[in-house]
Novice: 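My structure is below; once you've seen it, I'll send some questions.
Ligands are counted one by one from 1 in listed order, and the atoms in each one are counted from 1 as well. Values in this document were obtained by computation on a predicted structure and should not be read as measured data. The residues of the chain are indexed from 1 along the displayed sequence.
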Amino acid sequence: MTMKIITILVLLFYYASGDKFNFTNYALYRIIPKNIEELTTLHSMIHTNNKDLDFFDEPVNVDGLVSVVTSPGYRKTFDEILKANKIYAEVTIENIQAVIDKERIGKYAHRNVRSMTWDAYYTFEDIYSWLDDVAAGNSDVVSLIYGGMSYEGREIKGVKISHGSGRRSIFIEGGIHAREWISYATVNYIINELVYSEDPETQAAARDFDWYIFPCTNPDGYVWTHTDFRLWRKNRKPVGTEFGIDLNRNWNSNWLLKSSSTDPSSNTYAGIGPFSEIEARTLASYIESVADTMEMYLSFHSSGQLLMVPYGNTTDPLDNYYDTIKIGRQAMGSLAVRHGTPYITGNIAEAIYEATGTSVDWVKEKLRIPLTYCYELRDRGQYGHLLPADQILPNSEEVMDSVLALIREGRALGYFNSSASIKVSISLLLGIVLYLLY
Ligand SMILES: *[C@@H]1O[C@H](CO)[C@@H](O)[C@H](O)[C@H]1NC(C)=O
Ligand SMILES: *[C@@H]1O[C@H](CO)[C@@H](O)[C@H](O)[C@H]1NC(C)=O
Ligand SMILES: *[C@@H]1O[C@H](CO)[C@@H](O)[C@H](O)[C@H]1NC(C)=O
Ligand SMILES: [Zn+2]
């Protein structure tokens, strides 16, 4: 009887205290493994459940950055393991809830595009309502596009920016991992610049290409990070008693081969098969439908300050690897000019870790998009996915610089050059004419 009353009281308290998960005394650790032994020890811990030990980065490279969140209950055990193995770790956040409490969530005022500012994060509803307003206010150039659907029935909404037909195109995808809030903000900033900037090079970039831009490719996950669990990564499809598939392990390219889990409780759970998830599947078919003009594909993630090129299954320099690395390094040089932020450029497997089933690998392998890059935005383990809002603007400015530089450097190596496709159509036309004549 008393047990029952206590249970009821506990439940009442639970519901009364709100739905949001409380990260009080969850800590963020920053570790740089110095040798193979340390790496192996850390790696062996990735199968501890995500609730106690949540790796922002998979430990696979000596001298590579590993950010990991520990629960208050597990912290002592974790400290003991680190101590026993003489692994040096820095605690960059003692209490994650305190950082979350300070996070600035802006309020967007409908029909006032300037009320979206670059010193705050915005909810799913606010981002979509801003996209509507940007399109409505610039209907000659900006149109709303729909890249697919989410499990809970939300649209994957984006914008197409086009100053006329017959242009090559650039595709931008953000927010596939829900907790990486800086990705959504950066992609919104890029839209804003392409539509409203007075800078001549930015205006030229907007005019010269068709831009397909989706800031929020994991809508359900993003909503969940605002309403319930700030550090949610996957989509929200129920799988038995667990939830969520890692939408950046679900694409049909070397599916389940590397850094992917078959365990639904894992943060890198790849699903029951390639494209099992509606978000990845519908977005892929949208990308495919506009792929014929596509010259560049950019995917935005956090964190680590990396620019990566396919593939994630091997460090072999495949396809136009040397061109993409050269263009990427130059662009990261341009990125660093404004605020001095260092980025490392490399193949996915060498820069971060082997990971397959990702959007960029699929785009490169199946659609052969010449310049395909994946950004890991700021920072380098200080805040990880909890990047303070006062870094949104500097982060986004430097990224915009680098996007323009990718175009500039790409052109210098003969990319973004429509003469190739024009040539093809001229010879095709000639062929048809000759065929008709004879
Ligand atoms: C989280 O829990 C702590 C400690 O129990 C409490 O002081 C704090 O007010 C809670 N925060 C929120 C946002 O619920
Ligand atoms: C890696 O994946 C690419 C694309 O599927 C493939 O062409 C290549 O052969 C693979 N390399 C290795 C070493 O598995
Ligand atoms: C396209 O590339 C070719 C070969 O690299 C070059 O000769 C030509 O000038 C380029 N055209 C434009 C418009 O950039
Ligand atoms: Zn990510």
Novice: Relative to ligand 2, is D361 under 4.0 angstrom through side chain, backbone, both or neither, heavy atoms considered?
Specialist: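 For D361, no heavy atom sits under 4.0 Å from ligand 2.
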Novice: Of the side chain and backbone of K20, name the one, both, or neither that has a heavy atom under 4.0 Å from an atom of ligand 1.
Specialist: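 Contact part for K20 vs ligand 1: neither.
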Novice: Is the backbone of T117 close enough, under 3.5 Å, to the side chain of Y122 for a donor and an acceptor to pair up by distance?
Specialist: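 Checking the backbone N and O of T117 against the side chain of Y122, a donor-acceptor pair under 3.5 Å is found.
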Novice: Would you say S253 and ligand 2 have an N/O pair spaced under 3.5 Å apart?
Specialist: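 Checking ligand 2 against S253, no N or O pair falls under 3.5 Å apart.
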Novice: Any protein heavy atom under 4.0 Å from atom 5 (O) of ligand 2?
Specialist: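 Yes, there is a protein heavy atom closer to it than 4.0 Å.
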Novice: What about N313: any of its N or O atoms under 3.5 Å from an N or O on ligand 2?
Specialist: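 Among all N and O atoms of N313, at least one is under 3.5 Å from an N or O of ligand 2.
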Novice: Testing L318, N313, D319 for side-chain contact (heavy atoms from CB on, under 4.5 Å) with D316, which one passes?
Specialist: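 The single option meeting the side-chain contact (heavy atoms from CB on, under 4.5 Å) with D316 is L318.
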Novice: Distance to 0.1 Å, residue and atom name: give those for the protein heavy atom nearest to atom 7 (O) of ligand 2.
Specialist: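 The answer is L318 CD1, 4.2 Å.
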Novice: Ignoring hydrogens and geometry, is there a side-chain-to-backbone donor-acceptor pair from K258 to A355 under 3.5 Å?
Specialist: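 Looks like no, no N/O pair under 3.5 Å.
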Novice: Could you confirm whether E376 has any N/O/S atom lying under 2.8 Å from the Zn ion (ligand 4)?
Specialist: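 Here the distance criterion (N, O or S atom, under 2.8 Å) is not met by E376, so no.
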Novice: Out of all atoms in ligand 1, which are within 4.0 Å of some heavy atom of Q97? Include the element for each.
Specialist: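 Atoms satisfying the 4.0 Å criterion: 13 (C).
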Novice: Would you mind naming the N, O or S atom of H177 nearest to the Zn ion (ligand 4)?
Specialist: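 Result for H177 and the Zn ion (ligand 4): ND1.
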Novice: Is the shortest N/O to N/O distance between E365 and ligand 2 below 3.5 Å?
Specialist: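 Among all N and O atoms of E365, at least one is under 3.5 Å from an N or O of ligand 2.
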Novice: Would you say the side-chain atoms of S115 pair up with the backbone N or O of A109, donor to acceptor, closer than 3.5 Å?
Specialist: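 Such a contact is found between S115 side chain and A109 backbone.
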Novice: Flag this pair as yes if the NZ/CZ of R179 is under 6.0 angstrom from the six-membered ring centre of W232 and inside a 45 degree cone about the axis; otherwise no.
Specialist: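 No, R179 does not lie over the aromatic ring of W232.
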Novice: Would you say Y88's side chain and L82's backbone share a donor-acceptor pair under 3.5 angstrom?
Specialist: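 Not at all, since once roles are kept as given, no pair shorter than 3.5 Å links the two residues.
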Novice: N22 versus ligand 1: do any nitrogen or oxygen atoms come within less than 3.5 Å of each other?
Specialist: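 Such a contact does occur with ligand 1.
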Novice: So, for Y128 and C216, which heavy atoms are closest and what is the spacing to 0.1 Å?
Specialist: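 Closest approach of Y128 to C216, heavy atoms only: OH-O, 3.7 Å.
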Novice: With a distance cut-off below 6.0 Å to the six-membered ring centre and an angular limit of 45° from the axis, does R233 pair with W224 as a cation-pi contact?
Specialist: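 Judged by the rule, R233 and W224 form no cation-pi pair.
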Novice: With respect to the Zn ion (ligand 4), what is the nearest N, O or S atom of H301?
Specialist: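 For H301, the N/O/S atom sitting closest to the Zn ion (ligand 4) is ND1.
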Novice: Please work out which of the three classes, parallel, tilted or perpendicular, describes the rings of Y297 and F171, given edges at 30° and 60°.
Specialist: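 Parallel: the ring planes of F171 and Y297 meet at under 30°.
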Novice: Any N/O of T24 closer than 3.5 Å to an N/O of ligand 1?
Specialist: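 Yes - when backbone and side-chain N and O of T24 are compared with those of ligand 1, one distance drops under 3.5 Å.
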Novice: Suppose I only count heavy atoms of T314 and a 4.0 Å limit; which atoms of ligand 2 are within that range?
Specialist: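 Matching atoms, with element in brackets: 1 (C), 11 (N), 13 (C).
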